[in-house]
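It should be emphasised that the depicted structure is a prediction, and the values quoted were computed from it without experimental measurement.
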Amino acid sequence: MGFLSGAFGKIEAHRALLRAQHEQTNITRQAIRVQRQIQLKQTQLNNQERTMNNYMQRMQYAAMMSNMNAYQSVNGGSLFGNGTTGSTTGTTGTTGTTGTTGSTSPTGMQDQSNQYAYYQQRNMEIQQQFSQMQEMQTQAFDAYKDMEMQSLQDLEEDLTARKESLDSQIALLKEEYQEKKNEEKEGAKDMVGASGSQG
């Protein structure tokens, strides 16, 4: 009885072990494909994010250049301006003509200072505006990335859990196979012993 039980048990355990190992191989292949898909998707998303960031930087640069051009247009093309030149005045005497050369108008210097302060203020506003836009863009894109990656990550986790379960199942089946093999062997010995005693 021990021989037959061990022999049939060994066959069944071996079949179950082969089925589990075959399923394990399929799951391993699926996991590799999913990992490649995840890597590809991550690369695509990183490229999209880099493109968006570069576009945002170009927009900020264009806005700051526009601000600088506007400032230079009212300051004779100079970033620091030339001020406003005062008029030349003079008086005529009996012995000749005397006069004084022109000088920079205090009013012109004040206007230039105000214009430069406005230019700097606009630059700060532009930087703050684009910093806020960049933060909003980053948050929105992070949410988009999570949504795009979620299904693949869920599949990867499911395959990992199934593989771990199969690893445990295969280990148990190997033990069962070995036990049935030993049972078959012991049963064969008993049959030989019983046959010898009867003889």
Side-chain angles (χ1 to χ4, degrees), residues 9-75 77-81 113-180:
K10 183 184 74 172
I11 292 172
E12 289 301 317
H14 186 250
R15 287 176 178 173
L17 179 60
L18 290 178
R19 286 195 298 268
Q21 288 175 332
H22 178 70
E23 186 176 357
Q24 182 190 51
T25 300
N26 289 336
I27 289 177
T28 300
R29 290 173 179 171
Q30 290 181 51
I32 292 173
R33 286 196 297 269
V34 170
Q35 288 171 357
R36 289 174 180 171
Q37 291 175 349
I38 289 175
Q39 292 173 353
L40 178 61
K41 178 62 73 173
Q42 286 175 336
T43 299
Q44 292 174 344
L45 291 171
N46 289 338
N47 289 338
Q48 290 179 22
E49 186 173 22
R50 190 179 302 110
T51 299
M52 292 172 62
N53 289 338
N54 289 340
Y55 178 71
M56 184 73 70
Q57 290 173 0
R58 289 196 299 270
M59 287 178 61
Q60 180 177 352
Y61 177 76
M64 296 183 72
M65 286 297 297
S66 176
N67 183 42
M68 184 176 69
N69 290 337
Y71 173 74
Q72 288 178 334
S73 67
V74 296
N75 285 277
S78 171
L79 183 61
F80 300 102
S113 177
N114 292 340
Q115 290 164 3
Y116 187 69
Y118 177 75
Y119 162 74
Q120 290 182 312
Q121 179 183 350
R122 280 294 300 142
N123 266 356
M124 291 180 60
E125 290 174 354
I126 290 171
Q127 290 173 353
Q128 291 174 355
Q129 177 185 3
F130 276 92
S131 176
Q132 293 172 354
M133 290 171 61
Q134 181 69 59
E135 183 177 355
M136 292 174 60
Q137 176 179 281
T138 298
Q139 292 175 352
F141 199 78
D142 284 345
Y144 171 72
K145 284 195 295 186
D146 290 342
M147 181 181 66
E148 287 290 300
M149 297 296 298
Q150 190 64 51
S151 60
L152 288 173
Q153 290 172 342
D154 289 346
L155 179 56
E156 183 182 34
E157 291 176 3
D158 178 65
L159 290 172
T160 299
R162 289 170 60 188
K163 185 177 182 303
E164 290 175 353
S165 176
L166 277 172
D167 289 342
S168 299
Q169 182 180 347
I170 287 171
L172 292 174
L173 287 171
K174 286 181 177 180
E175 291 179 2
E176 182 180 354
Y177 174 80
Q178 190 61 45
E179 289 173 0
K180 293 300 181 179

Validation row: Q30, K163 side chains within 4.5 angstrom (heavy atoms) = no
Under 3.5 Å, is there a donor-acceptor pair between the side chain of T28 and the main chain of Q24?
-> yes
Could you tell me the separation between the CG atom of N123 and the CE atom of M68, rounded to the nearest 0.5 Å?
-> 9.0 Å
Flag for N53-R50: side-chain donor and acceptor within less than 3.5 Å = no
Q127 backbone acceptor or donor facing S131 side chain under 3.5 Å = no
In this structure, CE of M52 is separated from OH of Y55 (nearest 0.5 Å) by 10.5 Å
Quick one: are L152 and E156 in side-chain contact, heavy atoms under 4.5 Å?
-> no
Hey, is the main chain of A161 close enough, under 3.5 Å, to the side chain of S165 for a donor-acceptor pair?
-> no
Any salt bridge between E125 and R122, counting N to O under 4.0 Å?
-> yes
In Å, rounded to the nearest 0.5 Å, how long is the span from CG of L45 to CD1 of I38?
-> 11.5 Å
When rounded to the nearest 0.5 angstrom, what is the spacing between NZ in K41 and CD in Q153?
-> 12.0 Å
Do Q150 and D154 pass the side chain to side chain donor-acceptor pair (under 3.5 Å) test, and can you show the C-alpha distance, the side-chain angles, and the key distance before you say yes or no?
-> CA-CA 6 Å; Q150 190 64 51; D154 289 346; 2.8 Å; yes
Locate the shortest heavy-atom distance separating I170 from A20; write the atom from each residue and the value.
-> CG1-CB, 3.7 Å
Among E148, Q37, M149, which residue meets the side chain to side chain contact (heavy atoms under 4.5 Å, CB included) test with Q42?
-> M149
Are any non-hydrogen side-chain atoms of L166 and Q169 less than 4.5 angstrom apart?
-> yes
Separation between CD of E179 and NZ of K10, rounded to the nearest 0.5 Å | 14.5 Å
Within a radius of less than 6.0 Å around NZ of K145, do more than 12 heavy atoms belonging to other residues, nucleotides or ligands occur?
-> yes
Please check if atom CE in M147 has more than 12 non-hydrogen atoms from other residues, nucleotides or ligands closer than 6.0 Å.
-> yes
How about Q134 and Q60: do any of their side-chain heavy atoms sit closer than 4.5 Å?
-> no
Only residue of I11, L18, L17 satisfying side chain to side chain contact (heavy atoms under 4.5 Å, CB included) with R15 is I11
T51 side, atom OG1; N46 side, atom CG - distance, nearest 0.5 Å | 10.5 Å
If you take all heavy atoms of Q48 and F141, which pair is closest and at what distance?
-> CB-CZ, 3.8 Å
Begin from the C-alpha positions of K180 and E12 and carry the test salt bridge (Lys or Arg N to Asp or Glu O under 4.0 Å) through to its verdict.
-> CA-CA 9 Å; K180 293 300 181 179; E12 289 301 317; over 6 Å; no
